[in-house]
There are 2 protein chains.
Amino acid sequence: MQALAQPRRREILQLIRNNELSAGDIAAHFEITRPAISQHIKVLKDSNLVHERRDGTRRMYRARPEGLSDLRKFLEMFWDYRLQLLKDEVESSGQSQNSPTEGLTEE
Amino acid sequence: MQALAQPRRREILQLIRNNELSAGDIAAHFEITRPAISQHIKVLKDSNLVHERRDGTRRMYRARPEGLSDLRKFLEMFWDYRLQLLKDEVESSGQSQNSPTEGLTEE
DNA sequence: CACTTACGTAAGAATATGCTTACATATAGT
DNA sequence: ACTATATGTAAGCATATTCTTACGTAAGTG
């Protein structure tokens with residue numbers, strides 16, 4: 001969660017969401033220096049949010065969606081944002097009015 | 001997102017997830033001083049994560065689940081973890097993920 | 001073995017964050 | 001109006017974070 005707090009790291013994740021990019025390619029998209037990017041990648045790697053593959057002298061990175069499961073669980077546990085609705089419907093096929101209308105109807 | 005980066009703020013959110021508590025009640029659950037709590041609440045309020053209701057000299061706070069929609073959108077946009085979500089949570093029966101949850105389905 | 005390329009790591013500076021104490025404000029009761 | 005209660009705000013300190021420059025390391029090329 002702390003890893004995603006920094007906007008720069010979210011941008012990096014966007015970049016390697018679908019494409020697998022080298023560290024240099026990633027750095028080329030930003031104004032900051034390559035070492036700074038390396039440090040951000042390290043944080044993301046330690047949080048299991050990116051996967052590293054070595055290819056010669058290069059290191060290829062790609063986002064790891066599974067790494068977001070903690071974030072997902074946080075949302076599920078503390079605010080059952082519409083998920084509870086789905087769960088109730090499938091499992092009990094009935095009561096799905098936990099508190100869905102009290103705060104979730106916006107936008 | 002930045003607001004949720006701080007563990008203390010997540011704890012506060014847990015506390016007022018279901019109960020509506022006054023600022024003092026919230027502060028009583030932690031070791032840190034009341035002003036520190038006030039500052040955390042301010043951050044949460046600015047991020048639309050809590051709702052404030054004034055009651056005499058007290059201010060009652062409660063979590064605002066819909067304030068997490070940005071976080072949800074982040075997850076949906078950058079990794080459509082919805083498939084994984086459905087897989088994990090609804091793996092047993094036939095997926096009826098079409099009608100009831102407008103946010104969890106294809107858009 | 002040099003030498004280059006691609007990258008990470010170390011050390012430190014600049015800034016942001018989280019906390020404290022002291023003070024301000026707002027409402028209720030006497 | 002005065003006092004008490006509940007709470008936010010200001011100023012400042014201590015620590016954490018993010019960046020920079022300088023250096024180290026590992027793999028490919030002549």
Side-chain angles (χ1 to χ4, degrees), chain A residues 1-64 67-68 70-71 74 78, chain B residues 1-64 67-68 70-71 74 78:
Chain A
M1 173 88 64
Q2 202 106 3
L4 293 167
Q6 170 71 351
R8 194 83 68 180
R9 285 196 284 268
R10 290 199 297 274
E11 294 180 68
I12 292 175
L13 279 178
Q14 285 183 45
L15 220 53
I16 56 175
R17 174 193 162 206
N18 292 319
N19 311 356
E20 188 186 45
L21 291 179
S22 71
D25 289 342
I26 295 171
H29 284 80
F30 299 96
E31 299 292 319
I32 60 177
T33 58
R34 273 181 289 273
I37 296 293
S38 271
Q39 287 158 12
H40 280 308
I41 290 178
K42 179 176 171 55
V43 172
L44 291 169
K45 219 168 49 180
D46 290 349
S47 302
N48 283 323
L49 287 168
V50 302
H51 173 256
E52 177 185 299
R53 180 176 68 86
R54 303 212 177 184
D55 172 32
T57 83
R58 296 187 308 171
R59 307 201 181 179
M60 310 300 292
Y61 293 103
R62 160 176 271 180
R64 262 197 46 170
L68 287 166
D70 282 349
L71 193 55
F74 172 80
F78 294 88
Chain B
M1 172 87 67
Q2 203 107 4
L4 294 166
Q6 172 69 349
R8 195 84 66 178
R9 284 195 286 268
R10 291 199 296 273
E11 293 181 67
I12 292 175
L13 279 178
Q14 285 183 48
L15 220 52
I16 56 176
R17 175 194 164 204
N18 291 319
N19 311 356
E20 188 186 45
L21 291 179
S22 72
D25 289 341
I26 296 171
H29 283 80
F30 300 97
E31 298 293 319
I32 61 177
T33 58
R34 274 181 289 274
I37 296 293
S38 272
Q39 287 158 11
H40 280 308
I41 291 178
K42 180 176 171 53
V43 172
L44 292 170
K45 220 167 49 179
D46 290 350
S47 301
N48 283 321
L49 286 168
V50 303
H51 173 255
E52 177 186 299
R53 179 177 68 87
R54 303 210 177 186
D55 172 32
T57 83
R58 297 186 307 168
R59 306 200 181 181
M60 309 301 290
Y61 293 103
R62 159 179 268 185
R64 262 193 44 156
L68 288 165
D70 283 349
L71 194 55
F74 172 81
F78 294 86

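In what follows, chains are A, B, ... by sequence order, proteins preceding strands, each numbered from 1.
By the 4.5 Å heavy-atom criterion applied to side chains, M1(A) and P7(B) are not counted as neighbours. Residues L15(B) and Y61(B) form no side-chain contact, since every pair of their non-hydrogen atoms from C-beta on lies 4.5 Å or further apart. Put simply, the side chain of R59(B) does not reach to within 4.5 Å of the side chain of I41(B), judged on heavy atoms.
Within a heavy-atom distance below 4.0 Å of DNA chain C, the residues of residues 38-47 of chain B found are Q39(B), H40(B). Sorted by residue number, the members of residues 21-29 of chain B with any non-hydrogen atom under 4.0 Å from DNA chain D read S22(B), A23(B), G24(B).
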Pairs under 3.5 angstrom, nitrogen or oxygen only, protein versus nucleotides 23-30 of chain C, please.
none

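Not counting sequence neighbours, the partners of A5(A) by the side chain to side chain contact (heavy atoms under 4.5 Å, CB included) test are A5(B). When the side chain to side chain contact (heavy atoms under 4.5 Å, CB included) test is applied to S38(B), no partner is found at least two apart in sequence or on another chain. Among residues two or more places apart in sequence or in another chain, the side chain to side chain donor-acceptor pair (under 3.5 Å) test is passed with K45(B) by E52(B). Residues passing the side chain to side chain donor-acceptor pair (under 3.5 Å) test with S22(A) are D25(A), sequence neighbours excluded. Under the rule for a side chain to side chain contact (heavy atoms under 4.5 Å, CB included), the partners of R34(B) that lie at least two apart in sequence or sit in another chain are A27(B). Considering only residues two or more places apart in sequence or on other chains, R53(A) meets the side chain to side chain donor-acceptor pair (under 3.5 Å) condition with E20(A). Residues meeting the side chain to side chain donor-acceptor pair (under 3.5 Å) test with D46(B), sequence neighbours left out: none. Legend: residues meeting salt bridge (charged side-chain N to carboxylate O under 4.0 Å, His left out) with R9(B), ordered by chain and number and at least two apart, are absent.
Chain A approaches DNA chain D within less than 4.0 angstrom (heavy atoms of the protein), and the contacting nucleotides run 5' to 3' from dT17(D) to dG28(D).
Residue R8(A) is in sugar-phosphate contact alone, with no base atom involved, counting any heavy-atom pair closer than 4.0 Å across all strands shown. Using a 4.0 Å heavy-atom criterion, one finds that Q2(A) contacts the sugar-phosphate atoms exclusively.
What you find for R62(B) and N18(B) is that their closest heavy atoms are NH2-O, 3.6 Å.
The residue among I37(B) and I32(A) whose nearest nucleotide of DNA chain D is located toward the 5' end is I37(B).
Here CD of Q39(A) is found 12.5 Å from CZ of R8(A). Values are rounded to the nearest 0.5 Å.
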